[in-house]
Amino acid sequence: MTPPPPPPRPVTSPTPATADDVQLLRDALGPLRDREQVAARLLEASATHSFDPDGELDWDTPFEDGKWFWPPELISLYGTPLWERMSEERRMDLARHESASLASLGIWFEIILMQLLVRHIYDKPVTSNHVRYALTEIADECRHSMMFARLIQRGGTPSYPVPRRYHQLARVLKTVSTTPGSFAATLLGEEILDWMQRLTFPDERVQPLVRGVTRIHVIEESRHVRYAREELRRQMVTAPRWEREFTRLSCGQAAKVFSVCFVNPRVYEDIGLDPREAVAQVRASGHRREVMRSGAKRLTDFLDDIGVLRGPGRRMWQASGLLA
């Protein structure tokens, strides 16, 4: 006699999430987004809105007389007694050299960023969207660095490397950086310059080539910021406590270094100013302090929300002048 078939197995609902699971999926800003879905959307945006600066920009058109290389309000000496004594011609020359200095700073930082991204994906699945987007971002940063270098050459100024002590300190920071520390430093380097460039590319007082360079950078960097923010949120929830604490300290140190490197004394020397006097006036400038804090505010609000700006690290941010 044939035995009756076994009864159907009951349909079971998924195991309910534990309190720990829920904690891993949320932070102070709400639910964490799926890493692969975020990367997939960023890859789609990259396919639609990526640029080749060599072909996109007109590098051969002469610069226009009477136009700036950087908005005057964003120039380090703006509003200082030294600025008031300078002729309009010298102010514009300062803008040209300071634009080259910021482009040099951008190249330095993007080379660091590319190394941090390579370290981040070294142990990740190579076919994942997350790794594919990191490689896409590295390709973006390569083009940006070449674009900035070409702008420096086109402007007829020297390049302005950061002082050697900061160059060497960055070598240490990028070597010992934790994963969340890497993404916090990424945002530090990207968001302040991005804020300045968002004011620059629509400004008709500025040279068209400079506006074109900043426009490309802003569009492509918006994706990089999204990638770094989402990953930093995840890391600050999932990383062990020691790593989160180390990240707070390393990020505070990076803020101090980065804020100093925004002003290169060689710029003042190259246009015939006393670099000591110029640096002292920049440090005393309320306008410059407000510019830097405004440029960093969106970032510092975000870092504060996700728990990066705590303890000694927060005091280091305040010492950098980027946080009130």
Side-chain angles (χ1 to χ4, degrees), residues 24-25 27 29 31-47 50 105-146 167-194 217 220-255 257-258 299 302-303 305-309 313:
L24 289 176
L25 295 173
D27 66 0
L29 298 178
L32 296 177
R33 296 170 179 84
D34 179 79
R35 180 190 266 168
E36 285 294 276
Q37 290 180 356
V38 169
R41 287 195 291 272
L42 293 174
L43 284 166
E44 290 176 5
S46 297
S50 290
L105 179 66
I107 294 170
W108 173 67
F109 183 77
E110 287 179 340
I111 290 173
I112 295 172
L113 169 57
M114 286 186 274
Q115 294 176 72
L116 295 177
L117 282 172
V118 169
R119 283 182 54 198
H120 171 62
I121 64 176
Y122 186 72
D123 294 314
K124 302 284 188 295
V126 294
T127 57
S128 66
N129 289 334
H130 188 72
V131 168
R132 283 181 59 208
Y133 181 73
L135 293 171
T136 301
E137 180 170 334
I138 291 168
D140 289 345
E141 300 294 14
C142 284
R143 292 194 305 274
H144 294 170
S145 295
M146 291 186 290
H167 181 84
Q168 300 293 16
L169 180 58
R171 190 188 303 279
V172 174
L173 286 174
K174 67 184 177 60
T175 300
V176 303
S177 177
T178 62
T179 300
S182 296
F183 282 100
T186 295
L187 290 170
L188 173 61
E190 289 179 338
E191 295 213 27
I192 300 174
L193 281 170
D194 179 77
H217 198 247
E220 296 189 338
E221 285 295 320
S222 65
R223 300 192 293 268
H224 304 174
V225 168
R226 171 73 184 281
Y227 182 76
R229 280 184 172 231
E230 293 294 334
E231 190 60 24
L232 180 57
R233 288 181 61 195
R234 182 176 302 278
Q235 294 292 331
M236 288 302 292
V237 169
T238 60
R241 180 175 178 179
W242 73 265
E243 197 168 14
R244 298 196 302 271
E245 293 295 339
F246 184 75
T247 296
R248 293 177 180 119
L249 291 173
S250 64
C251 186
Q253 181 61 48
V257 170
F258 198 70
L299 171 61
F302 170 74
L303 294 178
D305 285 340
I306 65 172
V308 174
L309 300 186

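Just so it is clear, the values below take in all heavy atoms, side chains as well, and ignore hydrogens, waters and symmetry mates.
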Flag the pair Arg226 and Glu230 as a salt bridge only when some basic side-chain nitrogen lies within less than 4.0 angstrom of an acidic carboxylate oxygen. yes
Considering non-hydrogen atoms only, spot the tightest contact between Asn129 and Ala40 and give its length. ND2-CB, 3.7 Å
Looking at CG of Leu113 and CG of Asp140, how far apart are the two atoms once the value is rounded to the nearest 0.5 Å? 10.5 Å
Is any side-chain heavy atom of Arg223 closer than 4.5 Å to one of Ser50? yes
Under the side chain to side chain donor-acceptor pair (under 3.5 Å) test, which residues partner Ser250, sequence neighbours left out? none
Tyr227 vs Thr186, test: side-chain contact (heavy atoms from CB on, under 4.5 Å). Steps then yes/no. CA-CA 10 Å; Tyr227 182 76; Thr186 295; over 6 Å; no
Check: Glu137 and Tyr133 side chains under 4.5 Å, non-hydrogen atoms: yes
Drop me the distance from Leu232's CG to Ile306's CD1, to the nearest 0.5 angstrom. 3.5 Å
Run the side chain to side chain donor-acceptor pair (under 3.5 Å) check on Arg119 and Ser182 step by step: do they pass? CA-CA 9 Å; Arg119 283 182 54 198; Ser182 296; 4.9 Å; no
Minimal non-hydrogen separation, Leu299 against Leu188, with atom names: CD2-CA, 3.6 Å
Just do the side chain to side chain donor-acceptor pair (under 3.5 Å) check on Arg234 and Thr179 with the steps written out, would you? CA-CA 10 Å; Arg234 182 176 302 278; Thr179 300; over 6 Å; no
Would the number of heavy atoms belonging to other residues, nucleotides or ligands and lying under 6.0 Å from CZ of Arg41 be above 12? yes
From Thr175 OG1 over to Gln115 CD, what is the distance, rounded to the nearest 0.5 angstrom? 7.5 Å
Main-chain N/O of Gly307 paired to Arg248 side chain as donor or acceptor, under 3.5 Å: yes
Smallest heavy-atom separation, Ile121 atom then Ala134 atom, equals CG2-CB, 3.5 Å
Any salt bridge between Glu191 and Arg229, counting N to O under 4.0 Å? yes
Reported CD-to-OG1 distance for the pair Glu220 and Thr136, which is rounded to 0.5 angstrom: 11.0 Å
Answer yes or no: is there a donor N or O on one side and an acceptor on the other, between the side chain of Arg244 and the main chain of Thr238, under 3.5 Å? no
Going by salt bridge (Lys or Arg N to Asp or Glu O under 4.0 Å), name the residues that satisfy it together with Glu243, two or more places apart in sequence or in a different chain. none
What distance do His224 atom NE2 and Leu42 atom CG have between them, rounded to the nearest 0.5 Å? 9.0 Å
For Ser128 and Pro125, work out which heavy atoms get closest and say how close. OG-O, 2.8 Å
Which heavy-atom pair separates Ala185 from Phe109 by the least distance, and what is that distance? O-CZ, 3.0 Å
Do Phe183 and Leu116 come close enough that some side-chain heavy atom pair is under 4.5 Å? no
Quick one about Ser145 and Glu110 (side-chain donor to acceptor, distance below 3.5 Å, no hydrogens or angles considered), yes or no? yes
Side chains of Val237 and Leu32: does their closest heavy-atom pair fall under 4.5 Å? yes
The residue among Glu36, Lys124, His120 that forms side-chain hydrogen bond (donor to acceptor under 3.5 Å, both in side chains) with His130 is His120
Quick one: CD on Gln235 to CZ on Arg233, what's the gap to the nearest 0.5 Å? 13.0 Å
On a heavy-atom basis, the closest approach of Leu187 and Phe302 is CD1-CE2, 3.8 Å
Residues at least two apart in sequence or cross-chain that pass side chain to side chain donor-acceptor pair (under 3.5 Å) with Gln253, listed by chain then number, are none
